[in-house]
Amino acid sequence: MTAMAPTRPVMPAHVHTPRPYTGPSRQEVLAMRRQFCHPSTFLYYREPLMVVEGHMQYLYDETGRRYLDFIAGIVTVSCGHSHPKFVERVQAQLATIQHTTTIYLHPNFPLLARRLAGKMPPGLDVTYFVNSGSEANDLAVLMARTFTGNNDIIAVRNGYHGGSPTSMGLTSHATWKFPVQVNQGVHHAINPDPYRSPFRGTPEEIASRSAADIRDLVRFSTPGRIAAFIAEPIQGVGGTTLGAPNYLREAYAIAREYGGLCIADEVQTGFGRTGDHFWGFEGSGVVPDIVTMAKGIGNGLPLAAVTTRREIAEALTQRIHFNTFGGNPISMAAGLAVLDIIEEEGLQDNSRVVGGRLKAGLQELMSRHRLIGDVRGKGLMLGAELVRDRETKEPATQETLAVWEAAREMGLLIGKGGIDGNVLRIKPPMCVTAADVDFALDVLDEALKRAER
Ligand SMILES: Cc1ncc(COP(=O)(O)O)c(C=O)c1O
């Protein structure tokens with residue numbers, strides 16, 4: 001009897017023909033990476049993938065092979081790779097004036113700030129633009145400290161807020177920390193994720209007990225007053241973990257009792273990705289004092305922002321604060337194009353509908369595959385945690401790697417995360433279709449079957 005060839009799901013058709021690639025070979029690129037690039041820049045996959053072109057939700061390697069991108073440049077490509085309208089708008093700006101800094105007037109800077117104010121709850125209407133999520137969180141913390149006169153910050157365990165000295169201090173994962181002195185005065189509260197909580201009870205009870213830990217931290221580890229509480233509405237790098245909606249409501253109330261401002265890190269959850277809402281914090285019915293954003297706001301261009309209330313922003317005017325590229329006309333054009341495309345193409349609604357189909361599909365896979373211990377997230381920000389045993393919840397780290405490699409082999413690119421590297425992270429560009437989702441689910445089904453053999 002001959003062995004059956006492994007099934008290979010068929011990717012939906014797509015109207016784009018990649019240009020013939022004429023640059024250095026994959027081997028040459030790999031050799032240059034190894035010789036000249038900093039060794040801390042790591043590569044995905046046993047056989048690193050070279051990506052030379054993108055179109056909407058698809059990427060192409062140097063041979064013209066197409067891949068469905070379900071991680072979006074780490075949750076950054078919100079509208080689509082080289083989305084034609086985005087390209088047109090950014091190119092037009094590039095050809096007109098590329099850089100001035102905010103020392104001169106240019107319309108794009110206040111235009112984008114005004115558009116963001118229109119997306120925020122009333123009062124959150126002043127924006128400072130920077131270039132990365134880490135910078136945005138640095139600035140948010142600086143403003144909170146300057147405004148309140150307090151130094152201590154409460155962040156949440158398993159959170160990721162960046163790699164600069166200040167944001168590394170906020171981050172709560174040994175994987176991403178170095179043994180150097182970083183942000184002083186940061187304390188990490190118990191995570192409200194019900195799947196791995198030390199507490200027992202309903203998700204709401206776990207959320208309440210986790211929020212109460214903030215009070216303990218303030219009372220035992222700080223001078224009794226804090227500058228801020230910072231949290232991602234859904235933890236991204238941490239493995240798409242989230243508490244019940246009462247978590248942020250109770251956490252914000254406690255932080256405010258002790259003088260703290262509430263910072264929502266919307267670097268991954270913002271711009272409609274969670275489907276039901278434009279901002280992740282809206283899913284919990286809270287209003288932050290400061291919102292930080294990056295990634296999706298620029299669809300791949302270096303753009304990030306901090307939006308807050310005027311009186312908090314004023315605290316930063318007591319000294320000079322400047323950011324050379326913050327507010328530059330090209331990034332601003334990119335941000336304006338992103339907002340237009342999200343609205344015109346209904347991408348938030350697409351995240352809700354297509355994301356709902358994907359989550360239901362993942363839950364169906366969980367009913368058939370013992371490896372999946374938990375499926376969570378909202379809209380197009382989803383995760384599936386793989387465990388060896390549903391009782392002990394032993395992380396299935398090796399199996400996750402196997403599923404991830406097999407998915408790539410079948411043409412599907414996904415991310416992985418969680419402190420044990422056992423969560424499949426699924427966060428595609430928001431333009432994906434139902435047909436893409438069905439293909440991705442078939443690929444994951446097959447990849448899980450292979451890993452369970
Ligand atoms: C929630 C969150 N905050 C902040 C950051 C840091 O952003 P950047 O890498 O642009 O500095 C990240 C990056 O992954 C993130 O996921």
ask   = How many angstroms lie between NE2 in H81 and CZ in F86, if you round to the nearest 0.5 Å?
value = 11.5 Å
query = Is a side-chain donor or acceptor of Q235 paired with a backbone partner of E232 at a separation under 3.5 angstrom?
reply = no
ask   = Are D289 and R309 close enough for a salt bridge, meaning some N to O gap below 4.0 Å?
value = yes
remark   = In short, salt bridge (Lys or Arg N to Asp or Glu O under 4.0 Å) pairs touching residues 333-361 with sequence neighbours left out are K85-E344, R89-D340, R115-D340, R115-E343, K119-E343, D349-R352, R357-D438
message = Please check: side-chain N/O of N183 versus main-chain N/O of T166, any donor-acceptor pairing under 3.5 Å?
response = yes
query = Under the 3.5 angstrom rule, does the side chain of K295 hit a backbone N or O of V77 as a donor-acceptor pair?
reply = no
request  = Using the test salt bridge (charged side-chain N to carboxylate O under 4.0 Å, His left out), find all partners of R376 that sit at least two apart in sequence or belong to another chain.
outcome  = D374, E385
request  = Would you indicate whether the side-chain heavy atoms of M430 and R273 approach each other to under 4.5 Å?
outcome  = yes
query = Is any NZ, NE, NH1 or NH2 atom of the basic residue among R310 and E314 found under 4.0 Å from an Asp or Glu carboxylate oxygen of the other?
reply = yes
request  = Decide yes or no for H161 and I230: does some side-chain heavy atom of the first lie under 4.5 Å from some side-chain heavy atom of the second?
outcome  = yes
Under 3.5 Å side-chain donor-acceptor pair for E266 and T269 = yes
note = Given the options C262, S284, P192, L248 meets side chain to side chain contact (heavy atoms under 4.5 Å, CB included) only with S284
ask   = Who are the ring pair (Phe, Tyr, Trp, His ring centres under 6.0 Å) partners of Y258, not counting sequence neighbours?
value = none
remark   = Sorted by chain and number, sequence neighbours left out, ring pair (Phe, Tyr, Trp, His ring centres under 6.0 Å) with H38 holds for none
key: Donor-acceptor pair, side chain of K393 and main chain of Y195, under 3.5 angstrom   = yes
message = Can you confirm whether R114 is buried at CZ, in the sense that more than 12 heavy atoms of other residues, nucleotides or ligands lie under 6.0 Å from that atom?
response = no
key: Partners meeting ring pair (Phe, Tyr, Trp, His ring centres under 6.0 Å) with F70 (sequence neighbours left out)   = none
query = For Y58, which residues count as a ring pair (Phe, Tyr, Trp, His ring centres under 6.0 Å) partner, sequence neighbours excluded?
reply = H14
